[in-house]
Amino acid sequence: RDLSFALIYCCSFVTIECDMWAGKISLPEFIVKCPANCRETKEKVYGTGVFASISSICNAAIHSGVITNSGGKVIVMKMAGQAIYKGSFANGVRSLCLPNWRESFSVSGSVDLTLNIHCWKTTTSIYCEVDIAFLMDGSWSIGKRRFKIQKDFLVEVSQVINVGVAGPMMGIIQYGDDPVTEFSLKRFSSSKDLKPAISKIVQKGGLSNVGKALSYINKHFFSDANGNRGGAPNVAVVLVDGWPTDKVEEASRLARESGINIFFVTIEGPDENEKQNVMETNFVDKAVCRTNGFFSLSISSWFALRKEVQSLVKRVCDTDRLVCSKTCLNANDIAFVIDGSSSVGTGNFRTVLQFVANVTQEFEISDTDTRVGIIQYTYEQRLEFTFGQHNNKADLLNAIKRINYWSGGTSTGAAITYAADQLFSKSKPNKRKIMIVITDGRSYDDVRAPALAVHRKGVIAYSIGIAWAIQDELEYIATDPDRDHSFFVDEFDNLYKYVPKIIHNICNEFNSQPRN
């Protein structure tokens with residue numbers, strides 16, 4: 001999966017794994033053979049008929065009826081990205097909805113070898129579409145000779161990943177006492193141009209303030225102005241001689257929550273006798289995206305660094321495993337504010353909970369991804385559970401099912417204020433704060449002032465009115481423009497129709513935001 005695919009005309013087929021995405025194969029059209037029993041892997045599929053390129057080819061083919069769960073040959077045809085991919089259930093595979101992905105594909109099963117279809121085989125060049133920042137150590141401790149070895153290593157990396165606008169883009173920050181951008185992501189669009197630019201970098205000197213450098217890239221480097229493409233994962237590779245001279249934990253946490261996948265390459269790290277000199281113990285584990293060994297390399301000597309070029313490049317290009325990438329589905333704190341008044345009734349309340357579960361189902365749920373909290377209200381308010389209380393999707397969906405109907409009056413304004421105090425005051429930095437208010441009637445208190453207060457705190461508010469809900473109140477609650485954030489349904493049973501619309505709008509808004 002780490003390798004690119006060369007074009008050859010042939011009559012043979014390559015068997016892929018069940019988790020192979022169409023986007024991993026850089027061809028406009030090709031034929032593959034799927035193994036048996038892919039359906040049981042539950043590899044994700046996005047769309048119906050036309051699928052987002054982050055979908056499993058084999059499960060998309062099963063969903064479309066091109067092959068059965070026994071496997072078989074599949075023709076894959078790439079096409080342009082879609083504004084929205086609709087989810088559905090077919091042939092034992094549930095596809096999910098997803099908005100606004102950059103590339104699509106369709107599948108078919110009639111293999112006609114007179115067509116201009118490409119088979120493929122693996123080659124030694126590596127395909128990669130990521131935005132990479134290399135943080136190079138410019139401290140005095142590294143010395144001039146090892147600083148040159150570091151530059152030679154970066155030159156070789158730049159040649160292996162084949163920099164270009166259709167693949168990876170690469171920038172370099174040198175850190176010492178303070179970080180300095182040597183060149184941004186958009187400065188060079190080819191590996192050929194990068195080679196002399198890296199060779200000309202002059203050592204700055206100073207301490208090894210890695211934490212300050214990570215804070216710098218989070219705030220300044222990955223921006224639209226510097227060439228961040230948005231659709232490509234953000235990766236930061238930190239090269240450090242020995243150990244940092246400042247703390248990295250907090251800066252790393254904020255960078256991860258901004259969607260940056262942090263890798264550490266530690267060269268000649270501290271031995272047992274030197275660990276007492278390290279400012280922050282276990283600094284690598286506190287910094288990297290995940291502590292599973294994938295995001296860290298420990299090199300015993302600078303002279304062994306060049307041997308790790310292929311290993312590092314394969315890792316940063318394995319987009320399946322870049323789990324810290326920020327998307328519209330993993331970057332939120334979502335608060336559902338649910339009307340539990342007497343006019344709703346027990347049956348309709350269960351319908352509302354099913355709607356909440358259907359919306360929640362579409363997001364990636366964990367303590368570091370999207371988190372969900374729920375408040376039920378009447379005249380009073382009840383915190384059903386807070387952000388991070390349920391950190392996997394199965395537990396969260398079960399918790400939603402267990403919510404008991406309350407019954408009482410309707411004080412929506414007080415419930416919004418309660419959500420601000422009990423949920424959004426505990427939101428994580430760099431999480432998008434989203435509130436979804438669901439009500440079936442007129443509020444007995446004012447909603448304008450509470451809604452304005454949460455809007456000013458950066459909360460994106462959606463309002464969903466049912467039956468006797470008042471349109472003016474729904475519009476006061478909703479973030480502007482109202483047409484994208486305020487919805488009305490005449491019956492509870494029609495709530496399900498708005499799940500794709502809400503997901504689409506949440507993601508569309510996320511994708512249109514500038515990356516400062």
Side-chain angles (χ1 to χ4, degrees), residues 16-23 32 34-77 79 81-101 103-109 320 327-330 334 336 347 350-365 369-370 372 392-401 436 464 487 489 491-507:
I16 60 173
E17 297 176 6
C18 299
D19 62 352
M20 176 65 78
W21 295 357
V32 295
C34 291
N37 303 316
C38 283
R39 188 164 57 205
E40 283 73 19
T41 67
K42 299 188 184 300
E43 292 293 332
K44 289 184 179 179
V45 175
Y46 298 92
T48 300
V50 175
F51 304 95
S53 63
I54 53 171
S55 301
S56 158
I57 294 172
C58 296
N59 278 344
I62 295 171
H63 183 276
S64 296
V66 169
I67 60 173
T68 67
N69 198 37
S70 298
K73 295 171 186 175
V74 180
I75 299 175
V76 180
M77 306 286 285
M79 58 187 67
Q82 305 288 311
I84 188 166
Y85 300 84
K86 294 183 178 180
S88 62
F89 183 82
N91 301 316
V93 175
R94 178 169 296 285
S95 69
L96 305 175
C97 66
L98 179 76
N100 199 26
W101 195 250
E103 184 183 52
S104 307
F105 71 98
S106 64
V107 291
S108 61
D320 284 352
T327 72
C328 63
L329 301 179
N330 69 7
I334 303 177
F336 289 93
R350 305 317 300 177
T351 302
V352 171
L353 293 183
Q354 185 59 56
F355 168 80
V356 171
N358 290 345
V359 173
T360 300
Q361 179 72 41
E362 301 296 329
F363 291 90
E364 297 172 27
I365 304 296
D369 294 312
T370 290
V372 173
N392 67 69
K393 190 174 291 186
D395 287 350
L396 178 57
L397 294 175
N398 284 331
I400 292 169
K401 291 178 182 177
I436 301 176
I464 302 171
F487 308 99
V489 295
E491 296 180 358
F492 284 87
D493 288 343
N494 289 329
L495 271 173
Y496 76 95
K497 297 178 181 179
Y498 284 86
V499 173
K501 178 70 171 174
I502 289 170
I503 301 299
H504 171 73
N505 287 6
I506 288 173
C507 284

**OP:** List the atom of Ala22, the atom of Phe105, and the distance in Å for their closest heavy-atom pair.
**Re:** CB-CD2, 3.4 Å
**OP:** Mind listing the closest non-hydrogen atom pair of Phe363 and Ile506 along with its distance?
**Re:** CZ-CD1, 4.0 Å
Original post:
Do you see a donor-acceptor pair shorter than 3.5 Å between the side chains of Tyr85 and Ser104?
Top reply: yes
**OP:** Go through the steps to decide whether Cys58 and Cys38 satisfy the test disulfide (SG to SG under 2.5 Å), and finish with yes or no.
**Re:** CA-CA 7 Å; Cys58 296; Cys38 283; 4.1 Å; no
Original post:
Does Gly347 offer a backbone N or O that forms a donor-acceptor pair with the side chain of Thr351 under 3.5 Å?
Top reply: yes
Original post:
Which heavy-atom pair separates Ile16 from Cys34 by the least distance, and what is that distance?
Top reply: CD1-SG, 4.4 Å
Subject >> Side chains of Ile502 and Phe487 in contact at under 4.5 Å (non-hydrogen atoms) >> reply: yes
Subject >> Any donor-acceptor pair under 3.5 Å from Lys44 side chain to Ser56 backbone >> reply: no
Subject >> Euclidean distance, Ile464 CD1 relative to Lys501 NZ, rounded to 0.5 Å >> reply: 12.5 Å
**OP:** Output yes when a side-chain donor or acceptor of Thr68 lies under 3.5 Å from a complementary backbone atom of Ser70, and no otherwise.
**Re:** yes
**OP:** Let me see the working for Met79 and Val50 under side chain to side chain contact (heavy atoms under 4.5 Å, CB included), right down to the final yes or no.
**Re:** CA-CA 9 Å; Met79 58 187 67; Val50 175; 3.7 Å; yes
Subject >> Main-chain N/O of Lys401 paired with Arg350 side-chain donor or acceptor, under 3.5 Å >> reply: yes
Original post:
Just by distance, do the side chain of Ser55 and the backbone of Tyr46 share a donor-acceptor pair under 3.5 Å?
Top reply: yes
Subject >> Residue pair Cys18 / Asn59, side-chain heavy-atom distance below 4.5 Å >> reply: no
Subject >> Which atom of Glu103 lies closest to which atom of Gly23, heavy atoms considered >> reply: OE1-CA, 3.8 Å
Subject >> Nearest atoms (heavy-atom pairs only) where Asn69 meets Glu40 >> reply: ND2-OE1, 2.9 Å
Original post:
Would a distance-only check, ignoring hydrogens and angles, find a side-chain to backbone donor-acceptor pair under 3.5 Å from Asn330 to Glu364?
Top reply: no
Original post:
Any side-chain heavy atom of Leu98 sitting closer than 4.5 Å to one from Ile84?
Top reply: no
**OP:** I would like to know whether Trp101 and Ile54 meet side chain to side chain contact (heavy atoms under 4.5 Å, CB included); could you show each step before the answer?
**Re:** CA-CA 9 Å; Trp101 195 250; Ile54 53 171; 3.2 Å; yes
Original post:
When you look at Ile365 and Leu397, which way does the side chain to side chain contact (heavy atoms under 4.5 Å, CB included) test go after all the steps?
Top reply: CA-CA 10 Å; Ile365 304 296; Leu397 294 175; over 6 Å; no
**OP:** State the CZ-CZ distance between Arg39 and Arg94, to the nearest 0.5 angstrom.
**Re:** 13.5 Å
Original post:
Looking at CD1 of Ile503 and CD of Gln361, how far apart are the two atoms once the value is rounded to the nearest 0.5 Å?
Top reply: 10.5 Å
Original post:
What distance separates His504 NE2 from Glu362 CD, expressed to the nearest 0.5 Å?
Top reply: 13.5 Å
Subject >> Passing option when Thr360 is tested against Thr370, Val372, Val499 for side chain to side chain contact (heavy atoms under 4.5 Å, CB included) >> reply: Val372
Original post:
Under the side chain to side chain contact (heavy atoms under 4.5 Å, CB included) criterion, do Phe51 and Val45 qualify, and how do the steps go?
Top reply: CA-CA 7 Å; Phe51 304 95; Val45 175; 3.4 Å; yes
Subject >> Atom NZ of Lys86 with >12 non-hydrogen neighbours under 6.0 angstrom >> reply: no
Original post:
Is the closest side-chain heavy-atom distance between Val74 and Ile67 below 4.5 Å?
Top reply: yes
Original post:
Got a second to check how far Phe355's CZ is from Tyr498's OH, nearest 0.5 Å?
Top reply: 10.0 Å
Subject >> Nearest-0.5 Å distance, CZ of residue Phe336 to CG of residue Leu353 >> reply: 10.5 Å
Subject >> Non-hydrogen atoms of Ser88 and Thr48 that approach each other most closely >> reply: OG-OG1, 2.7 Å
Original post:
Does Asn392 reach the main-chain N or O of Ala394 with its side chain, forming a donor-acceptor pair under 3.5 Å?
Top reply: yes
